[in-house]
Amino acid sequence: MSQMVTDLLTGLNEQQQRAVTTTEGPVLVVAGPGSGKTRVLTHRIAWLIQQMNVHPSQILAVTFTNKAAREMRDRIEKLIGVDATDGLVMGTFHSLGVRILRQNPGRVAEQLQLQPNFVIYDDGDQMELAKTAVKNANLDPKQITPRRMLSRISAAKSVLQTPTDVATEAQSYDDEIVARVYTEYEKLLRAANAVDFDDLLGLPIRLFDQDPGTLARYQQQFRYILVDEYQDTNRVQYVMVSALAEMYGNLFVVGDPDQSIYGWRQADIRNILDFKNDYPSANEIHLEQNYRSTGRIVQAADRVIRDNKDRIDRKMTTVNDDGEMIQLRELADQQHEAQWIVSEIRRIVSAHKVLPEQIAVMYRTTAQSRVLEEAFRTSEFRYQIVGGVRFYERREVRDIMAVLRVLYNPADTVSLLRVIDNLPIGKGFGPAAFETATKWATEQRRPLLDALLTQVPSIANQETGPLPHFSGAGLKGAARIGTAFAILREKKNELTLAEIFDQIVEVMEVRKMFETGTEEDLQRWANVQELRTDLERYDLVPSAEALPAYLEQVALISDADTIKDDNIGSVTLITLHSAKGLEYPAVFIAGAEEGLLPIYRAVEAEAFDESAMEEERRLFYVGITRAQKLLYITYAQSRMTHGQYRAGTISRFIEPIPAESMRRVTREAHRTSAKPREYGRTEPGSFTSRVQQPWGNAPVPKKVLPVIPDFQEGNVVFHPKFGEGTVTSVTARRDNDKEVTVAFKKAEYGTKRLMASLANMDIIS
DNA sequence: TTTATCCCTATTTTT
DNA sequence: TAGGGATAAA
């Protein structure tokens with residue numbers, strides 16, 4: 001026994017040990033970045049199982065991503081053995097929610113009017129629903145944007161407000177509109193036998209309210225509850241945790257108020273700040289020693305976050321070496337920025353300082369990833385983009401998935417509409433016909449798919465009630481689509497998912513979608529086939545279980561879950577939000593500019609509300625603290641936004657970083673219109689740079705915007721990528737820019753229309 | 001009903 | 001820039 005005790009506590013500092021061994025009662029751990037919080041969580045669970053003889057099934061651990069859950073389980077197994085975690089309940093709040101709903105089908109149907117084969121609607125589906133809801137509420141989608149309605153609805157659900165609550169508490173006409181749309185939205189959702197992400201949290205709570213016995217069973221089961229990233233929980237999550245922990249009170253939460261970055265998703269920082277009020281007997285433990293980063297990085301992070309006013313003063317310390325200087329680099333625009341990052345990675349990799357998989361490039365907006373990806377694609381480096389256009393969000397993949405979803409839940413209107421609109425089989429079945437089907441389904445209280453199935457001769461004669469009245473093309477279409485689904489339905493229980501896929505391709509005439517033979521078509525067809533490979537993972541799962549399991553897995557997968565650790569040789573491109581909880585030896589933070597980081601919206605709101613700005617600062621703080629050894633921050637003098645170049649200013653967040661910790665390289669402004677720049681290379685190095693005194697004494701250099709030559713028809717011009725060409729026409733645009741049509745010498749580039757301001761061309765003659 | 005074309009606007013972050 | 005939505009024509 002004593003041997004094991006030492007095993008689980010070895011190498012932990014005093015506070016960490018306390019966090020591991022204080023098993024009874026509420027415990028709040030405030031854990032700074034790199035302070036060994038994951039270690040504490042894993043060791044604590046191991047401790048509970050091994051030292052306290054707690055059965056794993058009595059422990060609930062809530063993590064921020066499924067990947068984090070998997071990793072923690074692995075680490076615990078390494079500590080106490082492979083089978084020792086059997087029964088341990090570990091996952092995200094959302095997966096816990098689904099679990100509760102799926103485990104109680106009878107009560108869910110009875111209390112929540114949700115059939116066991118409900119599907120989870122993702123944001124694309126939700127958007128469709130919101131559009132319809134706005135129309136059903138007789139509102140103009142142009143004024144009342146579905147997008148905004150959706151975010152209001154989500155906000156309401158995050159604080160457990162029903163449409164009635166919103167209506168009752170409405171303070172303005174707009175609130176009333178929200179209530180109306182919300183009401184319609186809920187109707188549609190229930191009619192489709194579907195739930196949205198917020199429901200996965202809210203519905204279990206409603207179930208608990210209406211059926212205390214169910215709650216009691218979970219309270220009974222979960223004697224020990226652990227919650228990671230507690231600073232990012234919202235009201236519903238708070239209520240769920242409090243409810244579950246009520247019986248035993250062994251609630252262990254870990255978080256860092258300085259890393260709260262999901263306020264916009266209704267995360268409520270008060271949950272962590274008020275923990276001591278909620279649980280007066282709580283033990284509070286602070287982990288303040290950073291084991292992750294160099295001294296310079298820790299200090300920089302500390303200085304940055306100190307500018308936040310709404311914050312508990314804490315100091316992060318480290319005994320690590322000062323390490324390398326932080327590098328701040330100014331680049332001309334986003335292309336140069338991307339190029340520079342690639343070449344700097346090349347430099348540090350070839351100097352054998354780091355491996356590509358130890359490097360991450362982080363950015364504020366997903367849009368930034370496109371340019372970065374382009375730079376990596378044309379480089380020798382492999383890369384993985386976390387998030388961005390997700391595989392399951394590709395149109396063609398979703399189209400096929402929609403068939404699977406209808407097969408599972410024939411009431412899924414959004415998916416059925418998707419099938420009709422996007423698959424060849426739906427041709428001829430237009431809005432009018434769809435309306436007929438919807439009306440019938442609503443009146444008859446039948447799943448929407450049945451409207452089409454009634455048009456299949458062999459099924460129609462078993463119908464007793466009234467049939468929908470399709471006309472013309474709609475009639476033929478309904479029969480065709482209905483027959484296809486009937487065939488699939490017939491076979492679905494005997495086939496594996498991959499085999500069902502093959503049937504779908506055949507019956508739904510999927511190949512017709514990719515007949516033009518263009519490169520794009522080939523790629524999309526390849527994606528569809530990749531979906532088949534993905535489905536094969538479920539080959540060994542019994543057919544009846546495979547479909548729901550697969551759909552659920554896809555619905556709950558998160559960006560961070562897609563990170564591959566075995567992607568050796570790949571650089572990671574990731575948003576700052578998704579990077580939370582991760583660490584890399586080398587980190588690049590791109591786009592440290594006003595308007596981007598902090599984001600424009602926060603700057604706008606700053607005058608009357610500083611909270612958004614403070615959240616931006618925390619986001620930057622999260623970015624900095626991901627770095628172990630090397631930290632690079634880049635910004636561009638001008639950047640393309642809304643299709644136009646816009647001059648940028650360095651982010652205000654850079655300023656507090658100590659000058660002596662940072663090496664700042666700016667772009668030297670030496671280019672003038674009188675001296676045409678060198679042709680050819682636009683790679684980094686083609687412009688001169690100089691090391692400047694770090695912040696403070698040197699004023700920010702005056703920006704020189706590139707001079708745009710006055711292109712005329714007949715000019716011979718040089719383009720850095722396409723080479724020489726002749727201007728065939730010039731058109732002035734409203735935005736003071738000019739559109740220049742150039743016939744390039746090299747036939748492969750042909751004739752292109754270029755924006756004068758962007759093209760980076762010079763006149764040769 | 002479908003398709004082509006044009007115009008407009010939006011860009012924050014995600015379970 | 002790009003994607004969505006409106007409009008017009010077949």
Side-chain angles (χ1 to χ4, degrees), chain A residues 62-68 91-98 120-124 126-128 131 140-142 145-148 150-151 154 157-158 195-201 229 232-234 236-237 260-267 334 362-371 386-390 393 395 420-421 426-434 471-474 476-477 554-562 574-580 591 595-605 612 615-616 618-620 622-623 639-646 734-735 755 758:
Chain A
V62 182
T63 56
F64 207 67
T65 64
N66 296 302
K67 180 165 179 274
T92 62
F93 273 107
H94 292 86
S95 61
L96 174 65
V98 182
I120 301 165
Y121 272 2
D122 66 19
D123 21 82
Q126 288 178 44
M127 185 60 82
E128 289 305 314
K131 279 180 198 162
D140 176 10
K142 265 197 224 144
T145 64
R147 206 172 169 26
R148 191 173 65 88
L150 220 41
S151 88
S154 173
K157 288 193 177 192
S158 299
V195 300
D196 62 19
F197 281 124
D198 297 303
D199 286 342
L200 294 180
L201 309 171
E229 306 284 5
D232 280 323
T233 52
N234 63 20
V236 198
Q237 293 167 334
S260 164
I261 54 174
Y262 284 97
W264 51 274
R265 214 168 70 187
Q266 318 310 317
Q334 71 270 37
M362 304 180 183
Y363 37 84
R364 178 63 236 264
T365 65
T366 43
Q368 289 170 262
S369 68
R370 296 184 87 246
V371 180
V386 181
V389 186
R390 292 157 253 210
E393 277 174 25
R395 225 193 84 190
I420 291 167
D421 279 352
K427 286 248 154 59
F429 195 88
F434 191 77
S471 58
K476 271 172 74 186
V554 170
L556 293 181
I557 201 163
S558 77
D559 281 351
D561 292 335
T562 64
I574 190 169
T575 63
L576 287 162
H577 279 90
S578 296
K580 188 175 73 160
L596 203 52
L597 184 62
I599 200 84
Y600 184 65
R601 296 276 279 256
V603 179
E604 243 184 354
E615 184 154 309
E616 292 296 301
R618 290 194 293 269
L619 193 53
F620 186 55
V622 166
R639 184 177 295 270
M640 172 93 84
T641 355
H642 295 221
Q644 259 181 202
Y645 268 95
R646 196 197 83 214
R734 265 187 311 181
D735 51 13
M755 223 61 93
L758 323 185

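Model, not experiment: these values are computed from the prediction. Proteins get letters first, then strands, A, B, ... in listed order; numbering begins at 1 in each.
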Each nucleotide in nucleotides 3-10 of chain C should get exactly one letter: B, S or -. Can you fill that in based on protein heavy atoms under 4.0 Å? --S-----
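Side-chain N or O atoms of A/Glu615 include one that pairs as donor or acceptor with a backbone N or O of A/Gly263 at under 3.5 Å. For A/Asp196 (side chain) and A/Ile120 (main-chain N/O), no donor-acceptor pair under 3.5 Å exists by modelled atom type.
Candidate nucleotides B/dT3, B/dT13, B/dT14 were compared by shortest atom distance to the side chain of A/Thr366, and B/dT13 ranks first. Which of B/dT15, B/dT1, B/dT13 sits closest to the side chain of A/Thr365 comes down to B/dT13. Distance from the side chain of A/His642 is smallest to B/dA10 among B/dT2, B/dT14, B/dA10. Closest to the side chain of A/Ala367, from the set B/dT11, B/dT14, B/dT15, is B/dT11.
Comparing the same atom, C1', in B/dT13 and in C/dG4 gives a spacing of 22 Å after rounding to whole Å.
Rounded to a whole Å, the CD1 atom of A/Ile574 is 9 Å from the P atom of B/dT14. A straight line from OH of A/Tyr600 to C1' of B/dT13 spans 18 Å, rounded to a whole angstrom. When the P atom of B/dT14 is taken as reference, atom CZ of A/Arg147 falls 12 Å away, rounded to whole Å. Between the CD1 atom of A/Ile120 and the P atom of B/dT15 there is a distance of 14 Å, rounded to whole Å. Note: CG (A/Asp198) to P (B/dT15) measures 13 Å, nearest angstrom. Straight-line distance from the CD1 atom of A/Ile261 to the P atom of B/dT14: 9 Å, rounded to whole Å. If you measure from atom CH2 of A/Trp264 to atom C1' of B/dT15, you get 8 Å, rounded to the nearest angstrom. Rounded to an integer number of Å, the gap from OH of A/Tyr363 to C1' of B/dT11 is 15 Å.
For the residue pair A/Ser369 and A/Thr366, no side-chain donor N or O sits within less than 3.5 Å of a side-chain acceptor on the partner. In this model, no donor atom of one side chain and acceptor atom of the other lie less than 3.5 Å apart for A/Ser154 and A/Ser151.
Contact annotation: the side chain of A/Phe429 never approaches that of A/Lys476 to less than 4.5 Å [non-hydrogen atoms, C-beta and beyond].
For the pair A/Ser558 and B/dT15, the criterion of a side-chain N or O lying under 4.0 Å from OP1 or OP2 is met. Taking side-chain N and O atoms only, A/Ser578 has a distance below 4.0 Å to OP1 or OP2 of B/dT14.
At a threshold of 4.0 angstrom between heavy atoms, the contacts of A/Ala432 are confined to the sugar-phosphate backbone, with no base atom among them. Here A/Asp123 lies in heavy-atom contact (under 4.0 Å) with a base. As judged by a 4.0 angstrom heavy-atom cut-off over every strand, A/Arg370 is placed among residues touching the sugar-phosphate backbone only.
Residues A/Gly474 and A/Leu619 both approach DNA chain B. Their nearest nucleotides, taken by heavy-atom distance, put A/Gly474 toward the 5′ side. The residue among A/Gly430 and A/Asp561 whose nearest nucleotide of DNA chain B is located toward the 5' end is A/Gly430.
Using a cut-off of 4.0 Å between Lys/Arg side-chain N and Asp/Glu carboxylate O, A/Lys580 and A/Asp232 are scored as salt-bridged.
Aromatic pair A/Tyr262/A/Phe64: ring centres closer than 6.0 Å.
Applying the 3.5 Å distance criterion, the base of B/dT12 shares no donor-acceptor pair with the side chain of A/Arg601.
We find that the ring of A/Phe93 and the base of B/dT15 do not stack by the test of centres under 5.5 angstrom and planes tilted less than 30°.
Under a cut-off of 6.0 angstrom, the local environment of CZ in A/Arg148 is crowded, with over 12 non-hydrogen atoms contributed by other residues, nucleotides or ligands.
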